[in-house]
Amino acid sequence: MSLSVQERGKERVVAEFDIVELARDLIRCPSVTPTDAGALDVLQKALERLGFICYRLPFGLGDEGKVDNLYARLGTEGRNFCYAGHTDVVPPGYIGDWSHAPFDGSMEDGVIYGRGASDMKGAIAAFVGAIERFQTQFLTGLTKIPGSISLLITGDEEGVAVNGTKKVLNWLTARNETIDHCLVGEPTNPERIGDTIKIGRRGSLNAQITIKGVQGHVAYPDGADNPVSRLVKFLAALEDHPLDTGTENFQPSNLEITSVDIGNEATNVIPARASARFNIRFNDCHDGASLRRWISGLCKSYAKEFDLDITVSGEAFLTPPGELSNIVSGAIAKITGMSPKLSTSGGTSDARFIKDMCPVVEFGLISRTMHKADECVATADLKLLSEIYLAVLEQYFLMPRQ
Ligand SMILES: [Zn+2]
């Protein structure tokens, strides 16, 4: 059925109204990782109304708890454009710090308050609204979208992320399904919608070292081996070593010592052990394996005996500026007149897993209140983001490829 201009106008008002209500409905589900609290049901219902085939993919039974995930697809052929994100949220923290209850979805002066408003339930609602308008306004006369739109939504992004996006991608691979391009809806804009697209992320490495010495009396150091002296020299060597000076797309890698733990209550005892922890956010000059080799080599030169525990939670990655970032930048320019910065700053996100399957960039709401008390989103920003997402779909599916 084709819609008249006037009817299309009405449709547009309804769709915009729905975005706000969908965001509020999602916020009302207290989906603190790994709990789903009905959030994926709310989203699935909205997507099924638009014709999506939905798959619920619960993973994990262990200590970290079962995690529910959703993969939804509209269309079966052509290029598959995926929107990825998460419905889980971080805990609200001290409730007294909130001026509006974190899970009420309350609204005041055109601002929706609640945990997940910006990170990233609001953005998911904006994308659903964009699909609805894409179907009703741009596909009149076409029988179907020339390709496929999918959503990959996890309930395990803010937590350990082992039963979320990574396992959904494995599930896709096992059924010979692929994603061609992916937009992750994390809040990327520091101040205004259109500021920043993320085209990569730094990697992250956490290390814990315990240096073992020989306990003894401080007055008789010859019979002891002080692990604190060794640890201090090791940490100084870590900090003195310049990792790199940055690359074309990345800021310099950074190492931060986060804790030094001796726990020695006596003033006259050389302790037997000394521990420290540090984190490295690294760019594409390094990978987890090269940093691991460097750290353990350094340990060996400062300590005779030590325990070293290193975890790499994500490698650095980059989707080089190209078709996908051009489409998103073009959509932002069309709607806001701004030309966004292509950035690789900030923490990790699930894009670190998706990059193994296809080009991925991130663009969402304003990041200012994420993970804070009174997390919020202006309804005007939700609508603006939805306009941009709509322009992305239009460019991706209806314009000639670049
Ligand atoms: Zn997030």
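Both ligands and their constituent atoms are indexed starting at 1 by order of listing.
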Problem set entry | Atom of Asp119 nearest the Zn ion (ligand 1) (restricted to N/O/S, atom name only) | OD1
Problem set entry | Lys334 bridged to Glu387 by N-O distance under 4.0 Å | no
Exercise. Is the side chain of Asp88 donor-acceptor paired with the backbone N or O of Ser31 at a distance under 3.5 Å, no angle test?
Worked result: no
For this session: Among the N/O/S atoms of Glu186, select the one at the shortest distance from the Zn ion (ligand 1) and name it.
Result: OE1
Problem set entry | Flag if over 12 foreign heavy atoms under 6.0 Å of CZ, Arg192 | no
Problem set entry | Within residues 227-247 or reaching into it, pairs that qualify as salt bridge (Lys or Arg N to Asp or Glu O under 4.0 Å) - sequence neighbours excluded | Asp225-Arg230
Exercise. Can you tell me if an N/O/S atom from Glu158 lies under 2.8 Å from the Zn ion (ligand 1)?
Worked result: no
Problem set entry | Atom of His86 closest to the Zn ion (ligand 1), considering N, O or S atoms | NE2
